[in-house]
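No hydrogens, no waters, no symmetry mates; every other heavy atom, side chains included, goes into these values.
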Amino acid sequence: MNALLITYDLNKGGAVGKDKGQNYSGLYDRIRGLSDGSTWHCADSTWIIKSKYNTQQARDHLQTAIDSNDVILVVDITNKSYHWQGFKGDCATWLGKHLG
């Protein structure tokens, strides 16, 4: 199982037509669909999920929920060094459990 860090910026004013604007709920549904049920969303525009997918598969899955003027970054942070500051309660517990 991979730990994937997903960060994004949904911009206003996409191209006319298919673009969905700032459709956070659609993106959130796609992110949750990639996870094994373990998700961390304690910072704006940033998620960490446990997933069977690699970064390219995750990016390909998520790009269907964003517009052409939006950006998304997926990084595999499995077994990598990490540190955090300021997260408390469930947010800190999740980080310790899934990244530790």
Check: Taking all atoms of both residues into account, what is the closest heavy-atom pair of Ser51 and Met1, and its distance?
Finding: C-SD, 3.2 Å
Notebook entry, point to check: Thr78: what forms a side-chain hydrogen bond (donor to acceptor under 3.5 Å, both in side chains) with it, not counting sequence neighbours?
Noted result: Asp76
Margin query: Under a 3.5 Å distance rule, please check whether Asp9 uses its side chain to pair with a backbone N or O of Val71 as donor and acceptor.
Written below: no
Next item on the list: Evaluate the side-chain contact (heavy atoms from CB on, under 4.5 Å) criterion for residues Asn11 and Asp67: first the C-alpha distance (whole Å), next the side-chain angles of each, then the deciding distance (0.1 Å), finally the verdict.
Entry: CA-CA 8 Å; Asn11 297 299; Asp67 297 331; over 6 Å; no
Notebook entry, point to check: Residues in side-chain hydrogen bond (donor to acceptor under 3.5 Å, both in side chains) with Ser25, at least two apart?
Noted result: Asn23
Item checked: side-chain contact (heavy atoms from CB on, under 4.5 Å) partners of Tyr8, counting only residues at least two apart -> Ile6, Leu10, Tyr24, Leu27, Tyr28, Ile31, His41, Ser45, Trp47, Ile72
Margin query: Using modelled atom types and a 3.5 Å cut-off, is there a donor and acceptor pairing between side-chain atoms of Asn2 and backbone atoms of Leu4?
Written below: no
N/O donor to acceptor pairs below 3.5 angstrom from side-chain atoms of residues 89-96, sequence neighbours left out:
{"unit_1": "Thr93", "atom_1": "OG1", "unit_2": "Gly89", "atom_2": "O", "d": "3.0"}
{"unit_1": "Trp94", "atom_1": "NE1", "unit_2": "Thr39", "atom_2": "O", "d": "3.3"}
{"unit_1": "Trp94", "atom_1": "NE1", "unit_2": "His98", "atom_2": "NE2", "d": "3.4"}

Next item on the list: Just grab all the disulfide bond (SG atoms under 2.5 Å apart) pairs involving residues 50-81, residues at least two apart or on different chains.
Entry: none
Notebook entry, point to check: Is there a donor-acceptor pair closer than 3.5 Å between any side-chain N or O of Arg30 and the backbone N or O of His61?
Noted result: yes
Notebook entry, point to check: Out of curiosity, Thr46 OG1 to Leu73 CG, how far, rounded to the nearest 0.5 Å?
Noted result: 9.5 Å
Next item on the list: Sort and list the pairs that fulfil salt bridge (Lys or Arg N to Asp or Glu O under 4.0 Å) and have at least one residue in residues 31-50, not counting sequence neighbours.
Entry: Asp29-Arg32
Item checked: Distance in Å, Trp84 CH2 paired with Cys42 SG, rounded so as to fall on 0.5 Å steps -> 11.0 Å
Notebook entry, point to check: Considering all heavy atoms of both residues, which atom of Gln63 and which atom of Asp60 are nearest to each other, and what is their separation?
Noted result: CG-O, 3.4 Å
Note to self: For a 4.5 angstrom cut-off between non-hydrogen side-chain atoms, does Ile49 reach Leu34?
What the structure shows: yes
Item checked: Distance, nearest 0.5 Å, that separates OH of Tyr82 from CD1 of Ile48 -> 9.5 Å
